[in-house]
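Labels below follow one simple rule: chain letters A, B, ... track the order of the sequence lines, proteins then strands, and each chain is numbered from 1.
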There are 2 protein chains.
Amino acid sequence: MLGQLMPVTIKEIAEIAGVCHSTVSRALHGNEMINAGTRAKIKRLADEMGYVPSAVALSLRSQKTLTVGIVVTSINDPFFGRIVEGIENVARAANYSTFLSTSGFGEVGEREVVQSFYRRRVDAIIISSLWGDLTLGEEFERIKIPIVLINNQTEGKYLHSVAVDDVRGGEVATRHLLELGHRRISYLETKNRWKSNRLRREGYEKAHRAASVPLDPKLVIPPLADDDVSRGEKALEQLLEAKATAVFCYNDMTAIGLMNACRAARVRVPQDISIVGYDDVELTNHVTPALTTMHQPRRQLGQQAMEMTLALLAGEDSVPDQVLDSRLVVRASTASPA
Amino acid sequence: MLGQLMPVTIKEIAEIAGVCHSTVSRALHGNEMINAGTRAKIKRLADEMGYVPSAVALSLRSQKTLTVGIVVTSINDPFFGRIVEGIENVARAANYSTFLSTSGFGEVGEREVVQSFYRRRVDAIIISSLWGDLTLGEEFERIKIPIVLINNQTEGKYLHSVAVDDVRGGEVATRHLLELGHRRISYLETKNRWKSNRLRREGYEKAHRAASVPLDPKLVIPPLADDDVSRGEKALEQLLEAKATAVFCYNDMTAIGLMNACRAARVRVPQDISIVGYDDVELTNHVTPALTTMHQPRRQLGQQAMEMTLALLAGEDSVPDQVLDSRLVVRASTASPA
DNA sequence: TTGTATGCGTTATCAT
DNA sequence: ATGATAACGCATACAA
């Protein structure tokens with residue numbers, strides 16, 4: 001049906017113009033000394049014929065593709081949407097294109113994706129999805145291109161990263177509850193992002209120590225489900241048993257699940273229990289009551305990651321890891337205990 | 001093992017193996033008659049050296065890049081997330097990679113993106129973002145590759161498309177309200193997607209005619225803001241003036257904006273006013289009351305689009321446009337009028 | 001069975 | 001000022 005009519009090449013332009021293809025190349029590039037007449041003629045011709053240079057050929061020759069691969073666990077997750085947006089904006093402004101790929105949660109998916117990016121000869125890779133301290137290390141060892149991790153979950157030091165200070169985040173969130181007067185504050189853990197989970201819990205503990213409020217292990221609720229929302233929904237019972245008056249949740253979706261459970265059980269938020277989330281997903285503004293949460297600068301996370309990538313690509317010697325700050329957004333889901 | 005700066009090429013393997021590079025190529029491809037010994041040796045060598053073929057070189061030679069470009073207005077919009085996910089899954093299974101790019105809402109962004117994809121020599125383009133009946137037509141005219149539109153907003157017939165039946169969707173949503181006993185039902189319009197807006201309104205009118213309920217032009221509320229949510233928030237006053245007892249909103253985000261306004265004004269949903277959204281974004285399940293809405297099979301939309309693309313790429317003669325059905329999801333935001 | 005040569009589209013280094 | 005030629009990495013038609 002669609003006759004794959006081939007794109008115009010400089011060779012074809014050259015033929016019609018009655019010159020050599022290298023002349024066309026020069027004319028189009030402009031920066032050579034070339035007869036003004038032929039240059040004009042060739043430019044006009046190229047325009048008429050709808051010439052668009054082949055990035056493929058350019059890539060082969062220059063050994064640079066001007067592409068970066070992005071891997072996220074799920075493109076649907078509202079958390080990643082803004083990150084990708086941030087990356088894409090900076091990338092586009094720098095004439096880079098982005099390959100997007102999802103890895104799911106398994107390590108296998110990640111290897112596959114990285115492998116595929118390597119075949120494509122992307123100039124760099126930005127990853128916002130590491131599942132654990134996987135063996136992807138070897139993979140990276142061989143692939144000598146810049147790799148930037150966003151909120152990375154590994155300890156490897158050979159990689160560049162931009163992240164939010166999770167310890168501080170957990171600390172600020174918890175302090176907010178302490179300052180409201182809460183003394184029995186729960187932390188609701190997650191399953192699949194063990195590092196940031198640990199850091200936020202560290203912050204949670206740190207805040208308690210700073211306020212000289214004793215920690216009760218019973219108040220740390222381990223993950224009861226895979227899915228973020230269900231995890232929150234299933235936690236209510238344990239929270240009540242532990243007599244918590246406030247909860248700091250690993251992320252917003254878990255907090256929202258918990259809120260659902262509270263509504264169903266006629267537990268009032270924030271009168272009976274205060275809830276703090278993490279991420280500040282759009283959603284948090286639209287639930288009832290609006291959720292108090294730690295705002296993560298997600299768009300900026302993506303932008304910084306891409307800017308670091310560009311710096312690395314430009315061969316800059318020292319591209320320091322970035323640590324961004326999250327900030328508390330107080331809404332309606334937290335209050336002083338009864 | 002030995003990580004070198006540049007990726008390994010068949011030439012390098014050939015040198016070490018003491019054979020010609022074409023022999024390596026054949027050995028790696030397997031389907032040629034070749035000495036079993038040398039094949040094994042070469043394969044082992046390639047493995048040891050960490051050889052990964054260059055997709056760039058392959059593309060140049062084969063004139064196929066095994067890539068498709070995706071353009072959406074915003075990657076952050078929950079509506080597009082699932083669509084992209086659907087595309088990506090099918091694409092990856094078929095060994096295609098996806099370039100992702102956002103166009104914003106202007107036509108300029110779209111041209112730019114399509115242009116960039118063309119330079120990259122993508123094999124096809126999937127667009128889920130057309131702003132109007134833009135002049136992108138010429139652009140497509142020249143680019144002789146398959147283009148698949150998702151929920152397209154243009155009338156061009158030279159393009160392929162997969163869409164949800166908006167007329168029927170509007171009709172079903174409205175009928176639901178009519179069946180609940182409502183007689184003054186508003187339609188809340190949108191701004192930047194005039195075609196589907198028109199179609200949903202058509203469905204809205206059709207349902208009224210089918211039920212012999214007179215239409216009141218005052219009940220159709222034109223867009224009062226650019227942003228989806230604000231549009232909903234600003235509409236309440238006019239709704240009350242028009243004495244509407246129910247509202248069919250162009251999409252979920254607008255419906256949620258309206259719900260916010262209702263809460264602020266102490267207008268009870270659904271007791272005082274029933275609200276129906278459109279899209280069934282995740283969010284709708286988590287607002288209070290949970291939103292009744294038209295479910296769009298977004299993931300399937302993406303999958304179908306990519307499958308159509310693959311069919312077109314495979315040279316299939318007739319690849320019919322797809323029209324998917326949306327279905328009503330009744331939740332808590334609708335009830336019979338007082 | 002394997003080596004040689006060619007071309008994909010482009011830029012760059014030679015010549016002329 | 002411009003033409004000829006090589007090179008980027010790979011697959012393949014043709015020769016041996």
Expressed in angstrom and rounded to an integer, what is the separation of [X] atom [atom1] from [N] atom [atom2]?
X       : N      : atom1 : atom2 : result
A/Glu15 : D/dT2  : CD    : P     : 18 Å
A/Lys11 : D/dA6  : NZ    : C1'   : 14 Å
B/Asn35 : C/dT2  : CG    : C1'   : 10 Å
B/Arg61 : C/dT10 : CZ    : C1'   : 17 Å
B/His29 : C/dT1  : NE2   : C1'   : 18 Å
B/Met33 : D/dT12 : CE    : C1'   : 13 Å
A/Glu12 : C/dT10 : CD    : P     : 9 Å
A/Ile13 : C/dG9  : CD1   : P     : 12 Å

Only one of B/Val90, B/Thr67, B/Leu310 clears side chain to side chain contact (heavy atoms under 4.5 Å, CB included) with B/Tyr96; which?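 Passing option: B/Leu310.
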
What residue among B/Asn151, B/Leu324, B/Ile83 forms side chain to side chain contact (heavy atoms under 4.5 Å, CB included) with B/Gln296? B/Asn151

Between D/dA11 and B/His21, counting only base atoms on the nucleotide and side-chain atoms on the residue, is there a donor-acceptor pair under 3.5 Å? yes

More 5' along DNA chain C: B/Ser22 or B/Gln63, using each one's nearest nucleotide? B/Ser22

Comparing A/Thr9 and B/Arg26 on DNA chain C - which has the more 5′ nearest nucleotide: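 Going by which nucleotide is closer to the 5' end, it is B/Arg26.
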
With sugar-phosphate meaning primed atoms plus P, OP1 and OP2, does [X] contact a base, only sugar-phosphate, or nothing at under 4.0 Å between heavy atoms?
X       : result
B/Ser62 : nothing
A/Ile10 : base
B/Val19 : sugar-phosphate
B/Leu60 : base
A/Ser59 : nothing
A/Pro53 : sugar-phosphate

I'd like to know if the side chain of B/Ser97 pairs up with that of A/Arg120 as donor and acceptor (distance under 3.5 Å, no hydrogens or angles considered). yes

Using 4.0 Å as the upper bound for N to carboxylate O, is an ion pair formed by B/Glu15 and B/Lys11? no

Does a side-chain N or O from A/Thr38 land closer than 4.0 Å to OP1 or OP2 of D/dT2, or not? yes

Is it true that the NZ or CZ of B/Arg121 lies under 6.0 Å from the centre of B/Tyr118's six-membered ring and within 45 degrees of the ring axis? yes

Which nucleotide sits closest to the side chain of A/Thr23: D/dG9, C/dT10, D/dT2?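 The listed nucleotide nearest to A/Thr23's side chain is D/dT2.
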
